[in-house]
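Because only heavy atoms are used, hydrogens play no part in the values below, and waters and symmetry mates are left out as well, while side chains stay in.
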Amino acid sequence: MNITSPREITRLLAENGLSPLKKFGQNFLCDENVVQKIADCMHLAPGDFVLEIGTGLGALTRALGARAKKVVSVEIDRGLLALHKETLAGLTNVTVLEGDILKYDLKGLCAEHFGGGPFHVCGNLPYYITSRILMQVLESGAPVRSLTAMVQKEVAGRLSARPGDTDYGALTASCLYFAQPETVFTVSRSCFYPAPDVDSAIIRMELSRPTCDVPRDGYTAVVRAAFSMRRKTICNNLKALAGEDAKLILKSCKIDPNARAQELTASQFCEIAKSIFQKL
């Protein structure tokens, strides 16, 4: 069975009275080469564990199952679960769970299915909740080794932006606490059924430990304040956290008070967080 064939996808859905659901942002991959490239770029070893976000019809799930020791895939669309008996037949190392990934305790899931060991995360993320899913994974506290995700091409540009780039924003800086996101390759909209209105891209983050030696809550508070009004200087925006001491704190961190948030690196946000919360 070729579940990346548009004809086969159409047949499977029709025979089961299903259709792609816009409310779940469903666009199924219909290019086997892309499926294999995604699985390959994860550099999985035979003993690895993988959490997949969104099983879909199971095309990527099958590729992951062929490379990893165990794959747990979470699917929100109950209608697709019956198809998996056919599309995932014979894969004894694959477990599909029904539910909303945003409602899962990833540390608990890891303990139950992976024995508490480190695991990789992969998924074709719905465009409308991409940021929420990314931050849920990153902030979960679970032993995630890497995150590989299909996202809207525009979002990939934001995630992999560097300080000073137009696309550099709060989401970029928030992710930088954990890792440097990398755009691996782009995926044409023609590789999906149905075809979305935009192209996509694969982003990847290697996660080992936070890149900054400051509590995440403090770092996040600084990033949120710094980007609260992009046109204002970093000094003005940080007054919400540090009051009139904002200018002195920035100078102590050797940061120009007239700079703007999009010019600062993760290490600079880290230094600001240290200074503000030590002083307070």
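Proximity of Phe269 to Cys212: side-chain heavy atoms (C-beta onward) are nowhere separated by under 4.5 Å. Between Val151 and Tyr127 the shortest side-chain heavy-atom distance does not fall below 4.5 Å. Within the 4.5 Å cutoff, side-chain heavy atoms of Phe185 are placed close to those of Ile38. Within the 4.5 Å cutoff, side-chain heavy atoms of Met205 are placed close to those of Leu138. Here the side chains of Leu60 and Asn124 are not in contact, with every heavy-atom distance at 4.5 Å or above.
Side chain of Ser275 to backbone of Ile249: no donor-acceptor contact under 3.5 angstrom is found. A distance-only check finds no donor-acceptor pair linking the side chain of Glu8 to the backbone of Asn2 [under 3.5 Å]. In this structure, Asn93 contributes its side chain and Ala68 its backbone to a donor-acceptor pair below 3.5 Å. Put simply, the side chain of Tyr168 gets close to the backbone of Leu264: a donor and an acceptor are under 3.5 Å apart. Of the possible polar contacts, one joining the Arg204 side chain to the Met42 backbone as a donor-acceptor pair under 3.5 Å is found.
Using a 30° and 60° split on the angle between ring planes, Phe49 and Phe114 fall in the parallel class, below 30°.
For residues 98-107, the pairs satisfying side-chain hydrogen bond (donor to acceptor under 3.5 Å, both in side chains) are Arg78-Glu98, with sequence neighbours left out. Applying the salt bridge (charged side-chain N to carboxylate O under 4.0 Å, His left out) test to pairs two or more places apart or on separate chains, those with a residue in residues 176-192 are Arg189-Asp199. Contacts classified as salt bridge (charged side-chain N to carboxylate O under 4.0 Å, His left out) and involving residues 122-141 (residues at least two apart or in different chains) are given here: Glu139-Arg216. Screening residues 17-26 for side-chain hydrogen bond (donor to acceptor under 3.5 Å, both in side chains) gives Gln26-Asp77 as the qualifying pairs, with residues at least two apart or on separate chains. Listed by first and then second residue, the salt bridge (charged side-chain N to carboxylate O under 4.0 Å, His left out) pairs involving residues 33-52 are Asp40-Arg67, Asp48-Arg145 (not counting sequence neighbours).
By the salt bridge (charged side-chain N to carboxylate O under 4.0 Å, His left out) test, Glu86 pairs with Arg11, sequence neighbours left out.
The ring-ring contact (aromatic ring centres under 6.0 Å, His included) test with Tyr219 is passed by exactly one of Tyr177, Phe178, Phe277: Tyr177. Residue Met150 is tested with Thr130, Val187, Ile203, Leu125 for a side chain to side chain contact (heavy atoms under 4.5 Å, CB included); the sole match is Val187. Applying side chain to side chain contact (heavy atoms under 4.5 Å, CB included) to Ile272 and the options Leu250, Leu241, Val223 leaves one that passes, Leu250. Among Met229, Arg230, Arg231, the single residue meeting the side chain to side chain contact (heavy atoms under 4.5 Å, CB included) criterion with Asn237 is Met229.
Put simply, CD1 on Ile202 and SG on Cys122 are 7.0 Å apart, with the number rounded to the nearest 0.5 Å. To the nearest 0.5 Å, atom CD1 of residue Ile101 and atom CG of residue Leu51 are 5.0 Å apart.
A salt bridge does not link Arg260 with Glu263: every distance from a Lys NZ or Arg NE/NH1/NH2 to an Asp or Glu carboxylate oxygen is 4.0 Å or more.
Counting all heavy atoms, side chain and backbone alike, Ile9 lies closest to Ile3 at CG1-O, 3.5 Å. The minimum heavy-atom distance between Val35 and Ala63, with the atom names listed, is CG1-CB, 3.8 Å.
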Evaluate the side-chain contact (heavy atoms from CB on, under 4.5 Å) criterion for residues Ser5 and Glu32: first the C-alpha distance (whole Å), next the side-chain angles of each, then the deciding distance (0.1 Å), finally the verdict.
CA-CA 8 Å; Ser5 161; Glu32 183 64 23; over 6 Å; no
Apply side-chain contact (heavy atoms from CB on, under 4.5 Å) to the pair Thr4 and Asp31, showing each step before the final yes or no.
CA-CA 6 Å; Thr4 56; Asp31 188 312; over 6 Å; no
Evaluate the criterion side-chain contact (heavy atoms from CB on, under 4.5 Å) for residue pair Tyr193 and Thr10; output intermediate values, then yes/no.
CA-CA 9 Å; Tyr193 174 83; Thr10 303; 3.7 Å; yes
With side-chain contact (heavy atoms from CB on, under 4.5 Å) as the criterion, how do Leu83 and Leu18 come out once you've worked through the C-alpha distance, each side chain's angles and the decisive distance to 0.1 Å?
CA-CA 10 Å; Leu83 295 181; Leu18 301 172; 3.9 Å; yes
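Within a 6.0 Å sphere centred on CD of Glu15, heavy atoms belonging to other residues, nucleotides or ligands number more than 12.
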